Colleague: 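Provided herewith is a single structure, encoded as structure tokens, for subsequent inquiry.
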There are 2 protein chains.
Amino acid sequence: MSIYEFLGTLVPFTNKELNDIQSHFKKETVSKSQLLVNQGDICKTLYFIEQGMGRSFYTNENGKEITQWFFGVGKFMTSADSFFQQTPSLYNLEVLVDSVVFSISKKDIDQLFAKYHKMEKLGRLVTTEMLTKIVNKLNAIQFQTAKERYDYMLAEFPDIVHQVPLGHIASYLGMTQETLSRIRK
Amino acid sequence: MSIYEFLGTLVPFTNKELNDIQSHFKKETVSKSQLLVNQGDICKTLYFIEQGMGRSFYTNENGKEITQWFFGVGKFMTSADSFFQQTPSLYNLEVLVDSVVFSISKKDIDQLFAKYHKMEKLGRLVTTEMLTKIVNKLNAIQFQTAKERYDYMLAEFPDIVHQVPLGHIASYLGMTQETLSRIRK
DNA sequence: GATTTCCTTTGACCTATGTCAAAAAAACGG
DNA sequence: CCGTTTTTTTGACATAGGTCAAAGGAAATC
């Protein structure tokens, strides 16, 4: 799904508006394992995934990588609070397979928010959707057994779950790789 | 903090705009233990807490109440996805002490979003802030010990933590009341 | 296609936290 | 105040899931 198509599905932009908005996004090809943002840096770019997938993760005190979120096709990928508040990111952003993304700077998207009321609305809707999804994950993590959490994962990220290393999924679900391996049997 | 003051802190509304916006909010006094929304109902109203505090919670299969969030002074209280998507709420909204709130209907706030670009922006900013806070909770729940989770609670809700029953906090933090009681010693 | 590196599974054992039950303390209502 | 209800603490025991270690598989690299 291209950014052009995506924008139109949420808010009824005119073609002229769409063309203007789209012109601020830059198409980029990024290869597997590339980091788009490093933990500690201020996230200056928002990415829209046209093809591929990514994750956000951080490295904890014991040097273990903890996956925080997965980003699939047709989603915006960023370290949300770092990007919107311009504070150091708690997470790395990593591309998990060779991908095609559209990128836009904080400055440009703020200009678009200011220029188009509809764009501001789109921002609000996208943020609301993200909020809902995080609440879902929270409920899964907080009150469900390891088995149920894996079921949540299958429902939320059906296309991603079989394409990434087990360890990434395990840490995303707040359990060890060994436990997840046992559950899957 | 009144809704009037609050609105001005995030976005530079003119006095005329503020008066118009404020006129759509209705001041209400609600008493302790009152439910503003029932699990399963569609949440039609957004509340701003001027005085007091509340929580969202649900009753699980075993009849146990699980607190999902606390709402303090100067915050919007609602079942976010129920309100914004007009779907049945997973949660009850309960006022924990006698409180003063400002309420606004979905219809009215949507009109304000449509009428004022700045209001739409405010909606986006408030949603983004909520998103950030939920991510913080998620990190606490997912990867911290019971002790650390209580520390997170003290940091995030310093004014609430000593005013509500232990059981509410325990379920919010994803642990049992007994565990929390032992931690506090 | 052999070698190295990465990923997944398995086993044995351990620990933080849950469960159940009951006592103690605090808050509430008449 | 006194009795009732609600909330908190404490104890004994159970268990889901963690930790550590090692062996298989798979897949990338030369």
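Values in this document were obtained by computation on a predicted structure and should not be read as measured data. A note on names: the letters A, B, ... follow the listed sequences, proteins ahead of strands, and every chain is numbered from 1.
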Colleague: Below 3.5 Å is the cut-off: list the nitrogen or oxygen pairs between protein and nucleotides 27-30 of chain D, distance only.
Modeller:
none

Colleague: Below 3.5 Å, can you tabulate the donor-acceptor pairs from side chains in residues 173-182 of chain A to any protein atom, sequence neighbours excluded?
Modeller:
from, atom 1, to, atom 2, distance (Å)
A:T176, OG1, A:T179, N, 3.2
A:T176, OG1, A:T179, OG1, 3.0

Colleague: Residues of residues 162-185 of chain B with any non-hydrogen atom less than 4.0 angstrom from an atom of DNA chain C: list those, numerically ordered, please.
Modeller: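 Result for residues 162-185 of chain B: B:G174, B:M175, B:T176, B:E178, B:T179, B:R182, sorted by number.
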Colleague: Could you note down all residue pairs passing salt bridge (charged side-chain N to carboxylate O under 4.0 Å, His left out) where residues 2-14 of chain B supplies at least one of them, sequence neighbours left out?
Modeller: none
Colleague: Considering only residues two or more places apart or on different chains, which pairs with a residue in residues 157-173 of chain B satisfy salt bridge (charged side-chain N to carboxylate O under 4.0 Å, His left out)?
Modeller: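 Sorted result for residues 157-173 of chain B: empty, none.
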Colleague: Taking 5' to 3' order, which nucleotide of DNA chain C is first and which is last to have an atom within less than 4.0 Å of a heavy atom in chain B?
Modeller: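 For DNA chain C, the relevant span reads C:dT17 to C:dC28.
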Colleague: Determine which pairs satisfy salt bridge (charged side-chain N to carboxylate O under 4.0 Å, His left out) with at least one residue from residues 96-107 of chain B, sequence neighbours left out, and list them in order.
Modeller: B:K106-B:D110
Colleague: Which of parallel (below 30°), tilted (30 to 60°) and perpendicular (above 60°) describes A:F76 and A:F6?
Modeller: perpendicular
Colleague: Let me know which of B:E28, B:K44, B:K26 forms a side chain to side chain donor-acceptor pair (under 3.5 Å) with B:S103.
Modeller: B:E28
Colleague: Per the salt bridge (charged side-chain N to carboxylate O under 4.0 Å, His left out) rule, what does the pair list look like for residues 47-57 of chain A, sequence neighbours excluded?
Modeller: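 Pairs touching residues 47-57 of chain A that pass the test: A:K27-A:E50, A:R55-A:E65, A:R55-A:E94.
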Colleague: Parallel, tilted or perpendicular: which describes the rings of A:Y58 and B:F143, with under 30° parallel and over 60° perpendicular?
Modeller: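 Ring orientation, 0 to 90° scale: perpendicular.
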Colleague: For B:Y116, give me all partners under side chain to side chain donor-acceptor pair (under 3.5 Å), at least two apart in sequence or on another chain.
Modeller: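 Counting only residues at least two positions away or on another chain, B:Y116 forms a side chain to side chain donor-acceptor pair (under 3.5 Å) with B:D20.
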Colleague: Within residues 137-149 of chain A, find the residues that approach DNA chain C with a heavy atom at under 4.0 Å, and present them sorted by residue number.
Modeller: none
Colleague: Tell me which pairs pass side chain to side chain donor-acceptor pair (under 3.5 Å) where either residue lies in residues 140-155 of chain A, with sequence neighbours left out.
Modeller: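 Checked against side chain to side chain donor-acceptor pair (under 3.5 Å) - neighbours excluded - the pairs reaching residues 140-155 of chain A are A:Q142-B:K137, A:T145-A:E148, A:K147-A:D151, A:Y152-A:Y172.
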Colleague: Under a plain distance cut-off of 3.5 Å, with no hydrogens placed, do B:S89 and B:S79 share a side-chain donor-acceptor pair?
Modeller: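 Yes, because at least one side-chain N or O of B:S79 sits under 3.5 Å from a partner of the opposite role on B:S89.
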Colleague: Could you give the side-chain donor-acceptor pairs of residues 30-38 of chain B under 3.5 Å, partners two or more places apart or in another chain?
Modeller:
from, atom 1, to, atom 2, distance (Å)
B:Q34, OE1, B:S31, N, 3.2

